[in-house]
Amino acid sequence: MTPLELYIHIPFCVKKCLYCDFLSGVFDEKMQRRYVAALCTEIKYMASKHADASVTTIYVGGGTPSWLSEDLMDAIMTTIKQSFKVDPLAEISVECNPGTLSSEKLNVYRSIGINRLSIGLQSANDDELKELGRIHDYNRFLHTFDLVRKAGFDNVNVDVMTGLPHQTIQKLEKTLGAVTMLRPEHISAYSLIIEKGTPFYEKYKFDAVKQQAGMPTEDLPTDEEAYKLYKFTMQYLENKGYKRYEISNYAKNGKVCRHNIGYWDRVPYLGLGLGAASLFDNVRSSNIRDIYQYVETSEAIADGKAIQTEFSSPYYASEEKLSKKDAMEEFMFLGLRKIDGVARSDFQNMFGIDIDAIYGPIITALRNQDFMDAKEGRLFLTDIGIDVSNQVLAKFLLD
Ligand code: SF4
């Protein structure tokens, strides 16, 4: 059976954070119910096209999936399990935000097979949380974490952010200390990116340009300070027994996120829900991004109406068949994000050609510059290579 990962998008948040450009917004419960019904129709529709696949991981992301009432989450999971063949050992993750969970909700999660939670903390400093426009403070996060443990979840991720306005090593240390004291199995540490179209962009756009140019900044850390924050995070977490397995992800006792490893290994996945992206049979596709168009399309399908579309699914807004060259580039870009890099044998099996026949001169040049190394049939970036990963990965673009 072909392994398959599912990503389920829940585009609802209590309030929009000031830095966020994800496809999410504030909608009332009526719209949430209508959306989940539409999503369940899409799940059944796509499952009918993938009858021979075995679902190995499910990731419910957003948005704030934990904002949905428990009966809606139950409806989604039940539909998936009735429609797809789900491996009994599948990793099933849900993204949660502090203040949107209760012990009743968590008990329902356990009863429907959810076995991994990812909590968006971002910072243990209340002034930073306020600046980010988050709905919670640190105490609320502590309460949520306590509920999660009491409900019996033993595979929990906590998200933290570096590179925040006015963030110092001391403030970051407080966040990392507070998180590691709770001993979550997994920590994701991403740098703040100032995205166009957000209130943060309006507030910090000039600083962001200065940061990129290596110039002195006013509110954001300078490029050099941001690098120090990133390095400090890495060293702090490794000292606390968290093994870095991808540029921004750390795990204890091997509790890596199997779903994300699948992305970096290019395991086929279906993205279901608003704007969700898929990779299947070397075709990259992406769903409709307008929520009204999405639910109306799904409601028409549920009513048995034929939908005119140029794509292979009525839910798609774009679809692109990757060439062998595109797929090779992706294999390198995604695989080299992992600390243990890529296996030469995987490249050979996937593309029927030795990796050196395509990338030999580039690999040699990068190894000579100490940006890359090789061991036991694998190629991976060194610490120095990871520090400049954007430039290094760009070398794997083929003409
Ligand atoms: S909770 Fe997450 S998805 Fe929602 S607005 Fe904040 S950052 Fe964006």
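The structure displayed is predicted, hence computed values, not measured ones. Just so you know, these numbers use all the heavy atoms, side chains as well, and skip hydrogens, waters and symmetry mates. Counting starts at 1 for both ligands and their atoms, following the listed order.
- Across M350 and D265, no two heavy atoms sit closer than the pair CE-O, 4.5 Å.
- When heavy-atom distances to ligand 1 are checked against a 4.0 Å cut-off, V14 has no atom that comes that close, whether in backbone or side chain.
- Ligand-side atoms of ligand 1 in range of C13: 1 (S), 3 (S), 4 (Fe), 5 (S), range being under 4.0 angstrom from any heavy atom.
- Between R258 and E5 the shortest heavy-atom distance is O-OE2, 3.5 Å.
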(message) One pair to check against side chain to side chain contact (heavy atoms under 4.5 Å, CB included): E185 and R116. What are the steps and the verdict?
(response) CA-CA 10 Å; E185 286 66 31; R116 184 174 184 277; over 6 Å; no
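- By the 4.5 Å heavy-atom criterion applied to side chains, Y242 and P184 are counted as neighbours.
- Protein heavy atom in closest approach to atom 1 (S) of ligand 1: N97 ND2, 3.3 Å.
- Between the side chain of D326 and the backbone N or O of S323 there is at least one donor-acceptor pair closer than 3.5 Å.
- With E42 contributing its side chain and G273 its backbone, the two residues share a donor-acceptor pair below 3.5 Å.
- What sits closest to atom 3 (S) of ligand 1 on the protein, heavy atoms only, is G63 N, 3.3 Å.
- Atom 2 (Fe) of ligand 1 has its closest protein heavy atom at R134 NH1, 4.0 Å.
- Checking C20 against atom 4 (Fe) of ligand 1, every N/O/S atom stays at or beyond the 2.8 Å cut-off.
- Close approach of ligand 1 to F22 (heavy-atom distance below 4.0 Å) involves ligand atoms 3 (S), 8 (Fe).
- In this structure, the protein non-hydrogen atom closest to atom 5 (S) of ligand 1 is C17 N, 3.2 Å.
- The minimum heavy-atom distance linking E173 with Y236 is given by the pair CG-CE1, 3.9 Å.
- Less than 4.0 angstrom separates some heavy atom of Y19 from each of these atoms of ligand 1: 7 (S).
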